[in-house]
Peer 1: 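Structure below; questions to follow.
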Amino acid sequence: MQYQLLKMLLKKLRLKNKNVIIIDTAGRLAIDEVMMKEVSDVKAAVNPQEILFVVDSMTGQDAVNTAAAFNERLDFSGVVLTKLDGDTRGGAALSIKYTVNKPIKFASSGEKMDTLDVFYPDRMAQRILGMGDIVSLVEKAQQQFDEKEAARLEKKIRKNQFDFEDFKTQLQQIKKMGNLKDLMGMIPGVGKQIKDVDVNDDSFKGIEAMINSMTLEERRNPDLINPERKNRIAKGSGKDIAELNQFLKQFEQMKGMMKMMSKMPMGRMPGMGKG
């Protein structure tokens, strides 16, 4: 009865010009005969154009076994690998492709939609070999790229007016790009060096705490930050004066470097618009 209702629902959706319909079935960490029958019945009822098998790459060999069992029952058209947040789990991708002989179409570093991306086998191979994946890194940066914001930022950098408000915005954009260790692993030569290094995704929290402890006026005009203001900012962010001074010094160095890069002939910073 429930599958008849499913057929009726799909018919109604098509009449409303809903051209893409996704049916998400129940999931299991192990092979379950009840679920197997359910997904087989769903396939028979709706005759889908595409069946994607979603698997957690952290489960290792179990992922391969489960993929093989589901493919035997459903003959799915492709695989989606979740939690593929490092090249060390690339083996799961290779094993599944070899076992079921079906393409891995999508991969994600987590389980949410914003981490989902098209899977490129050549890029995964490059990362496993320690060659990086600069193409994917650039693509991720472009997803967060705002042309008007970039043009505004370039003008401020050229005038040496880059401030903590701008810096905080850039940090937030970097965080939206995904897992920090995964991003660093895309840089050629870096992947193998950080293979066994614990890169904390909360690395920016201390910096953000210091910036958030500043007044809006201080963020927009860093030159206002005198010793008395430093004491207040350090106390408000839970940092000591030495850490705050180091951050302020690094910020000034970064501003100088960005201004120098913006003046290079043919040398616009990546993502910058025309001046």
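As a basis for the values below, the full set of heavy atoms in this structure was taken, side chains included, without hydrogen atoms, waters or symmetry mates. The chain is numbered in sequence order, starting from 1.
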Peer 1: Within a 6.0 Å radius of atom CD on Q253, are there more than 12 heavy atoms belonging to other residues, nucleotides or ligands?
Peer 2: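 Correct, the count exceeds 12.
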
Peer 1: Quick one: closest heavy-atom pair of S213 and G236, and the distance?
Peer 2: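 For S213 and G236, the tightest heavy-atom pair comes out as OG-C, 3.2 Å.
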
Peer 1: Begin from the C-alpha positions of L116 and V80 and carry the test side chain to side chain contact (heavy atoms under 4.5 Å, CB included) through to its verdict.
Peer 2: CA-CA 9 Å; L116 188 67; V80 179; 4.0 Å; yes

Peer 1: Do you know the tightest heavy-atom contact between Q161 and D166?
Peer 2: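 Scanning both residues, the minimum pair turns out to be O-OD2, 4.0 Å.
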
Peer 1: Inspect the contact between D75 and K43 and indicate whether a charged nitrogen and a carboxylate oxygen are less than 4.0 angstrom apart.
Peer 2: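 Looking at D75 together with K43, the answer is no, because their closest N to O distance does not fall below 4.0 Å.
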
Peer 1: Roughly how far, to the nearest 0.5 Å, is NZ of K105 from CG of L81?
Peer 2: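 So the CG of L81 and the NZ of K105 are separated by 13.5 Å.
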
Peer 1: Quick one: do T215 and R219 satisfy side chain to side chain contact (heavy atoms under 4.5 Å, CB included)? Show the steps, please.
Peer 2: CA-CA 6 Å; T215 64; R219 289 199 291 263; over 6 Å; no

Peer 1: Could you state whether L224 and L248 fall into the same hydrophobic cluster, counting links through intermediate Ile, Leu, Val, Met, Phe, Trp or Tyr residues with side-chain heavy atoms under 4.5 angstrom apart?
Peer 2: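 Per the 4.5 Å side-chain linkage, L224 and L248 are not co-clustered.
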
Peer 1: Identify whether the distance between the nearest side-chain nitrogen and carboxylate oxygen of E33 and R73 falls below 4.0 Å.
Peer 2: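 Salt bridge between E33 and R73, a charged N being under 4.0 Å from a carboxylate O: yes.
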
Peer 1: How many angstroms lie between atom CG of N101 and atom CG of N71, to the nearest 0.5 angstrom?
Peer 2: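 These two atoms lie 9.0 Å from each other.
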
Peer 1: Do T82 and V55 have side chains that approach each other closer than 4.5 Å (heavy atoms only, starting at C-beta)?
Peer 2: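 The answer is no; the side chains never approach within 4.5 Å.
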
Peer 1: I want to check something: taking the side chain as every heavy atom from C-beta on, are L52 and F76 in contact at a cut-off of under 4.5 Å?
Peer 2: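 Result no, sub-4.5 Å side-chain heavy-atom pair not found.
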
Peer 1: Taking atom CD1 of I211 and atom CD of E218, what is their separation to the nearest 0.5 Å?
Peer 2: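 It is 12.0 Å, given to the nearest 0.5 Å.
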
Peer 1: Please round to the nearest 0.5 Å and tell me the distance separating atom CG of D41 and atom OG1 of T25.
Peer 2: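 Separation between the atoms: 12.0 Å.
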
Peer 1: Go through it in stages, so that I can follow the logic: the residues are S40 and L74, the test is side chain to side chain contact (heavy atoms under 4.5 Å, CB included), and I'd like the CA-CA distance, side-chain angles, deciding distance and then a yes or no.
Peer 2: CA-CA 6 Å; S40 297; L74 293 174; 4.3 Å; yes

Peer 1: How long is the span from the CG atom in N221 to the CD atom in E217, to the nearest 0.5 Å?
Peer 2: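 The distance works out to 7.0 Å.
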
Peer 1: Checking E72 against V100 for the side chain to side chain contact (heavy atoms under 4.5 Å, CB included) test, could you report, in this order, the C-alpha distance in whole Å, the side-chain angles of both residues, the deciding distance, and whether it holds?
Peer 2: CA-CA 9 Å; E72 185 177 343; V100 301; over 6 Å; no

Peer 1: Do F251 and F164 have ring centroids that are under 6.0 Å from one another?
Peer 2: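 Under 6.0 Å, so yes.
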
Peer 1: Would one find more than 12 heavy atoms of other residues, nucleotides or ligands at under 6.0 Å from atom CD of E50?
Peer 2: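 It does: E50 CD has more than 12 such atoms within range.
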
Peer 1: Does a side-chain N-to-carboxylate-O contact under 4.0 Å join K168 and E208?
Peer 2: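 No, this pair does not count.
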
Peer 1: Can you measure from NZ (K239) to CD1 (I207) and round to the nearest 0.5 angstrom?
Peer 2: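 Going from NZ on K239 over to CD1 on I207, the span is 9.0 Å.
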
Peer 1: Counting heavy atoms not belonging to I22, are there more than 12 under 6.0 Å from its CD1?
Peer 2: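 No, CD1 of I22 has 12 or fewer neighbouring heavy atoms, counting only those of other groups under 6.0 Å.
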
Peer 1: Answer yes or no: is there a side-chain heavy-atom contact under 4.5 Å between I241 and K230?
Peer 2: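 The answer is yes; the side chains approach within 4.5 Å.
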
Peer 1: Would you call V79 and P103 a side-chain contact if the rule is heavy atoms closer than 4.5 Å?
Peer 2: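 Heavy-atom side-chain distance check fails, nothing below 4.5 Å.
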
Peer 1: Can you confirm whether K235 is buried at NZ, in the sense that more than 12 heavy atoms of other residues, nucleotides or ligands lie under 6.0 Å from that atom?
Peer 2: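 Count not over threshold, so no.
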
Peer 1: Are F70 and M35 close enough that some pair of their side-chain heavy atoms sits under 4.5 Å apart?
Peer 2: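 F70 reaches M35 side chain to side chain.
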
Peer 1: Has K102 got its NZ or CZ under 6.0 Å from the middle of the six-membered ring of F53, at an angle within 45 degrees of the ring axis?
Peer 2: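 Checked: cation-pi criterion not met.
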
